[in-house]
**Student:** 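The structure under discussion is supplied below as structure tokens; questions concerning it will follow.
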Amino acid sequence: MVGTGPGSLAHLSPRALQALQEAELIVGYKTYIQLIAPLLKGKEILSTGMTREVERCTAAIEQAKGGKRVALVSSGDPGVYGMAGLALELLERDDLLDRVEVEIIPGITSASAAAALLGAPLMHDFAVISLSDLLTPWEVIQKRLDLAARGDFVIVLYNPASHQRKNQIREAREIMLQHKPGSTPAGIVRNAYREQEKVVITDLEHLLDHPIDMLCTVIIGNARTRRIEDYLVTPRGYSL
């Protein structure tokens, strides 16, 4: 399982690059395959669309079981909302953990990439929460948002909105406003380290004044997060 990072080839780790070069078959979501296409010339490729993760993992495992060197790719890190967990579950289900050699190669996450573009908003405790209710009930997501806001965590939101899901980001903001002032600094990063990258610094009150979609990562600060010119910083607490 290979983490390809935020999308830019410059942010691919040397080990991930080596694994892609060594692989005979590359398996992944079609958008992520396109991002690393320059590295895949001459490779056998199996790509599918969204919601077909089980199909992709199963195909990768079948090929690996047959002796082929397979790279199952995820953007970001394969163990953070990626394919690593599903692949391990399928290997366990089919009693293949002793037959298929596995290596999980980490990558730069969306949270890390977005934070770097915003400055240093994750210098203290933070929580990462996906707003997609495709696999997690919305009631569970609401509870996690409420508890994270109560605990004054910096909050990173993945999958904040899509064509079908417009209301979750609104509800998430309302939940956070119950525990965080509207002046709490916030950042929106779209297409981090990809073409058409956009970075916005705003606050919780004005968060929805800016376009937010599935290509965005949203970071909401804690009580100590502040703006330093064009950067967001959450102080760790060092004496200055």
Side-chain angles (χ1 to χ4, degrees), residues 1-21 23 26-41 43 45 47-50 53 56 71-84 103-124 126-132 154-163 169 185-202 207 210-221 225 227-234:
M1 279 82 85
V2 180
T4 58
S8 165
L9 299 184
H11 293 88
L12 193 69
S13 75
R15 178 65 191 111
L17 176 59
Q18 181 185 25
L20 292 173
Q21 292 171 335
I26 311 294
V27 181
Y29 174 47
K30 59 183 180 181
T31 298
Y32 303 152
I33 293 291
Q34 290 168 359
L35 290 170
I36 57 172
L39 304 176
L40 307 182
K41 294 178 181 178
K43 301 287 185 182
I45 296 173
S47 63
T48 61
M50 290 186 68
E53 291 85 358
R56 287 201 299 275
L72 177 61
V73 302
S74 295
S75 69
D77 186 296
V80 180
Y81 299 106
M83 302 296 283
E103 180 182 1
I104 301 172
I105 300 171
I108 297 172
T109 67
S110 294
S112 297
L117 291 168
L118 289 167
L122 305 185
M123 284 291 293
H124 215 301
F126 64 94
V128 180
I129 301 173
S130 171
L131 296 191
S132 173
V154 176
I155 299 175
V156 182
L157 299 179
Y158 279 23
N159 306 313
S162 69
H163 293 300
I169 185 64
I188 303 167
V189 178
R190 190 175 192 273
N191 281 323
Y193 297 105
R194 301 179 188 175
E195 291 184 8
Q196 300 179 328
E197 173 187 283
K198 185 174 183 182
V199 180
V200 173
I201 294 180
T202 181
L207 184 69
H210 307 276
I212 297 175
D213 60 18
M214 283 288 284
L215 299 177
C216 294
T217 301
V218 177
I219 298 181
I220 312 296
T225 303
R227 183 169 183 170
I228 300 178
E229 296 189 7
D230 293 331
Y231 301 103
L232 292 184
V233 177
T234 301

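Count residues from 1 along the sequence. For the numbers below, each heavy atom of this structure counts, side chains included, while hydrogens, waters and symmetry mates do not.
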**Student:** Would you mind reporting whether Val128 and Thr109 have side-chain heavy atoms less than 4.5 Å apart?
**Tutor:**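 They are not in side-chain contact.
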**Student:** Please report the closest heavy-atom contact between Gly3 and Ala16, naming both atoms and the distance.
**Tutor:** O-CB, 3.8 Å
**Student:** Does the side chain of Leu117 reach to within under 4.5 Å of the side chain of Glu197, using non-hydrogen atoms?
**Tutor:** yes
**Student:** Within a strict 4.5 Å, meaning less than it, do heavy atoms of the Ile219 and Leu118 side chains meet?
**Tutor:**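 The answer is yes, as the side chains (C-beta and beyond) meet within the 4.5 Å cut-off.
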**Student:** State, with a plain yes or no, whether a side-chain heavy atom of Ile220 is found less than 4.5 Å away from one of Thr225.
**Tutor:** no
**Student:** Hey, which of Tyr193, Tyr81, Tyr158 is the one that makes side chain to side chain contact (heavy atoms under 4.5 Å, CB included) with Ser110?
**Tutor:** Tyr158
**Student:** Looking at every heavy atom in both Arg56 and Gly49, which two are closest together, and how far apart are they?
**Tutor:**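 The pair with the smallest heavy-atom distance is NH1-O, 3.0 Å.
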**Student:** Roughly how far, to the nearest 0.5 Å, is CE of Met1 from CD1 of Ile104?
**Tutor:** 4.0 Å
**Student:** Can you measure from CE (Met214) to CG (Leu131) and round to the nearest 0.5 angstrom?
**Tutor:**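 Those atoms lie 10.0 Å apart.
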**Student:** How long is the straight-line distance from CG of Asn159 back to CD1 of Ile129, given to the nearest 0.5 Å?
**Tutor:**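 That separation rounds to 12.5 Å.
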**Student:** Between atom CG of Leu122 and atom CG of Leu232, what is the distance when rounded to the nearest 0.5 Å?
**Tutor:**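 Going from CG on Leu122 over to CG on Leu232, the span is 10.0 Å.
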**Student:** Which atom names give the shortest non-hydrogen contact between Pro78 and Gly107, and what distance separates them?
**Tutor:** CD-N, 4.3 Å
**Student:** A side-chain contact here means heavy atoms from C-beta on lying under 4.5 Å apart; do Val189 and Lys198 qualify?
**Tutor:**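 Val189 vs Lys198: side chains apart.
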**Student:** Kindly determine whether Ile36 and Leu9 satisfy side chain to side chain contact (heavy atoms under 4.5 Å, CB included), including the steps that lead there.
**Tutor:** CA-CA 7 Å; Ile36 57 172; Leu9 299 184; 4.0 Å; yes
**Student:** Nearest 0.5 Å, please: how far is CD1 in Ile105 from CZ in Arg15?
**Tutor:** 4.0 Å
**Student:** List the steps and the verdict of side chain to side chain contact (heavy atoms under 4.5 Å, CB included) for Val2 and Ile26.
**Tutor:** CA-CA 10 Å; Val2 180; Ile26 311 294; over 6 Å; no
**Student:** Might you point out which heavy atoms bring Ile33 and Ser47 nearest each other, and give the distance in Å?
**Tutor:** CG1-CB, 4.0 Å
**Student:** Do Leu35 and Ser75 come within less than 4.5 Å of each other through their side chains, counting heavy atoms only?
**Tutor:**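 Answer no - side chains too far apart.
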**Student:** What are the two closest non-hydrogen atoms of Leu157 and Ile155, and how far apart are they?
**Tutor:**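 Heavy-atom minimum between the residues: CD2-CG2, 3.7 Å.
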**Student:** With a 4.5 Å heavy-atom cut-off, do Val199 and Asp230 have their side chains touching?
**Tutor:** no
**Student:** Are Val73 and Leu20 close enough, and set up right, to give a side chain to side chain contact (heavy atoms under 4.5 Å, CB included), and what steps lead you there?
**Tutor:** CA-CA 9 Å; Val73 302; Leu20 292 173; 3.8 Å; yes
**Student:** Look only at the side chain of Thr234 and the backbone of His124, and say whether a donor-acceptor pair between them is shorter than 3.5 Å.
**Tutor:** no
**Student:** Mind checking whether Tyr29 and Thr48 have side chains closer than 4.5 Å, heavy atoms only?
**Tutor:**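 SC-SC contact between Tyr29 and Thr48 ruled out.
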**Student:** If you count heavy atoms of other groups shown closer than 6.0 angstrom to CD of Glu195, is the number above 12?
**Tutor:** no
**Student:** Testing the basics here: between Pro6 and Arg194, what is the closest heavy-atom pair and its distance to 0.1 Å?
**Tutor:**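 Residues Pro6 and Arg194, closest heavy atoms: O-NE, 2.5 Å.
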**Student:** Can you tell me how far the CD1 atom of Ile45 sits from the CD atom of Gln34, to the nearest 0.5 Å?
**Tutor:** 10.0 Å
**Student:** Please check if the side chain of Lys43 supplies one atom and the backbone of Gln21 the other of a donor-acceptor pair under 3.5 Å.
**Tutor:** yes
